[in-house]
Amino acid sequence: MSSWWQAFFDDAYLRIWEQVFPEETNAAQARAIWAMLDLEAGCRVLDAPCGWGRLSKPLAEMGAVVVGADQSEAMVRAAQDKRGALGEDRLRYVRHDLRERLEESGFDVALNVFTSFGYGTEEEDEAIFRTLREAVRPGGRVLVETNHRDLMCSYISRGTKASTRLPDGTLFIDEAEFDAIGGVAQLNWYWSGPGGKGEKHANWRCYTPTEIVRLMQRAGLHFVGAYQGFSKIPFRSVGQEAGGRLSVVGVREQGERG
Ligand SMILES: C[S@@+](CC[C@H](N)C(=O)[O-])C[C@H]1O[C@@H](n2cnc3c(N)ncnc32)[C@H](O)[C@@H]1O
């Protein structure tokens with residue numbers, strides 16, 4: 001049976017989101033991830049899922065050896081198109097469903113960035129985290145960076161219907177409905193502009209920070225810490241946005257197999 005997310009990440013998605021994330025923003029995020037995880041030139045990074053490679057490419061340019069994996073044909077094609085002069089020895093892309101184990105392993109770090117789980121069942125999310133755990137070497141770390149339920153509820157409590165004018169003039173409206181019992185938000189996107197109009201709908205399972213840590217632990221990772229966005233600042237649930245975006249780091253302990 002096919003799931004909504006298998007068709008969702010297409011060329012229309014790319015036309016919107018590459019305007020939200022221009023290259024300068026992606027480079028700044030890559031620098032923040034580098035500093036947060038104390039990465040070093042030559043380190044092996046798995047960016048999974050990688051989308052259109054918005055972080056894979058600047059991380060490879062900074063000196064990491066990067067593999068980007070994503071299930072979307074459109075995203076992997078766009079990532080290849082945008083790879084520039086980087087050789088295959090520095091940056092590679094594979095089309096892969098992360099619910100299944102990757103062929104390659106031994107990475108120093110695996111990244112799961114920009115709310116890239118919660119699209120299906122909890123079992124599927126655990127399988128994705130397990131894939132990341134198995135892809136890193138013993139002592140390797142997994143970084144998960146995401147929106148979360150507390151942040152989502154803070155938006156809803158303010159009654160916000162976010163509307164953004166994108167650089168090409170497109171008006172983008174983001175309207176969410178939240179099923180608090182199921183823990184699933186329905187995201188409703190509408191846009192209209194020079195590139196045409198359209199809409200997309202997605203179901204996102206929004207976990208609390210507590211549940212995200214437990215999910216990583218169930219996948220066999222040991223909890224290292226939770227941080228504010230891409231920083232080393234410990235996460236605290238403060239302010240109007242309940243702490244803002246969350247990063248959780250887990251480690252595959254030394255000596256652990258399989
Ligand atoms: C919100 S995008 C984020 C992509 C990227 N991490 C970024 O920061 O731009 C989520 C991505 O997850 C991918 N994805 C979702 N489920 C997946 C799965 N089971 N296996 C591989 N990729 C998946 C989608 O194709 C999409 O490109």
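Atom set for the values below is all heavy atoms of this structure, side chains included, hydrogens, waters and symmetry mates excluded. All ligand and atom numbering here is 1-based and tracks the order in the structure.
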Contact atoms of ligand 1, heavy-atom distance to [X] under 4.0 Å:
{"X": "Met75", "result": "27 (O)"}
{"X": "His96", "result": "20 (N), 21 (C)"}
{"X": "Cys50", "result": "5 (C)"}
{"X": "Asp97", "result": "18 (C), 19 (N), 20 (N)"}
{"X": "Tyr13", "result": "1 (C), 2 (S)"}
{"X": "Ser72", "result": "25 (O)"}

Nearest protein heavy atom to [atom], by residue and atom, and its distance?
{"atom": "atom 20 (N) of ligand 1", "value": "Leu98 N, 2.8 Å"}
{"atom": "atom 12 (O) of ligand 1", "value": "Pro49 CG, 3.0 Å"}
{"atom": "atom 3 (C) of ligand 1", "value": "Ser116 OG, 3.2 Å"}
{"atom": "atom 25 (O) of ligand 1", "value": "Asp70 OD1, 2.6 Å"}
{"atom": "atom 23 (C) of ligand 1", "value": "Gln71 CG, 3.3 Å"}

Flag if over 12 foreign heavy atoms under 6.0 Å of CD, Glu88: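 Enclosed: over 12 neighbouring heavy atoms sit under 6.0 Å from CD of Glu88.
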Considering only NZ, NE, NH1 and NH2 on the basic side and carboxylate oxygens on the acidic side, decide whether [X] and [Y] come within less than 4.0 Å.
{"X": "Asp10", "Y": "Arg77", "answer": "no"}
{"X": "Glu241", "Y": "Arg158", "answer": "yes"}
{"X": "Arg137", "Y": "Asp108", "answer": "yes"}

Would you say [X] has any N or O atom under 3.5 Å from an N or O of ligand 1, going by distance alone?
{"X": "Ile128", "answer": "no"}
{"X": "Arg54", "answer": "yes"}
{"X": "Tyr119", "answer": "no"}

Polar contact flag, side-chain donor to acceptor under 3.5 angstrom, Arg245-Thr115: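 Their side chains do contain a donor-acceptor pair, which is all the 3.5 Å distance test asks for.
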Test item: side-chain donor near acceptor, Asp125 and Tyr207, under 3.5 Å: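 On atom types as modelled, these side chains qualify, holding a pair under 3.5 Å.
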Geometric class of the Trp189/Trp17 ring pair [parallel <30°, tilted 30-60°, perpendicular >60°]: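 Ring orientation of Trp17 relative to Trp189: tilted.
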Residue pair Trp204, Tyr119: steps toward the ring pair (Phe, Tyr, Trp, His ring centres under 6.0 Å) verdict: CA-CA 5 Å; Trp204 169 56; Tyr119 301 167; 8.5 Å; no
Considering all heavy atoms, the nearest Ala242-Leu151 contact: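 In terms of heavy atoms, the two residues are closest at CB-N, 4.3 Å.
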Nearest-option assignment for atom 26 (C) of ligand 1, heavy atoms, candidates Trp52, Phe114, Phe9: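 Among Trp52, Phe114, Phe9, the closest heavy atom to atom 26 (C) of ligand 1 comes from Phe9.
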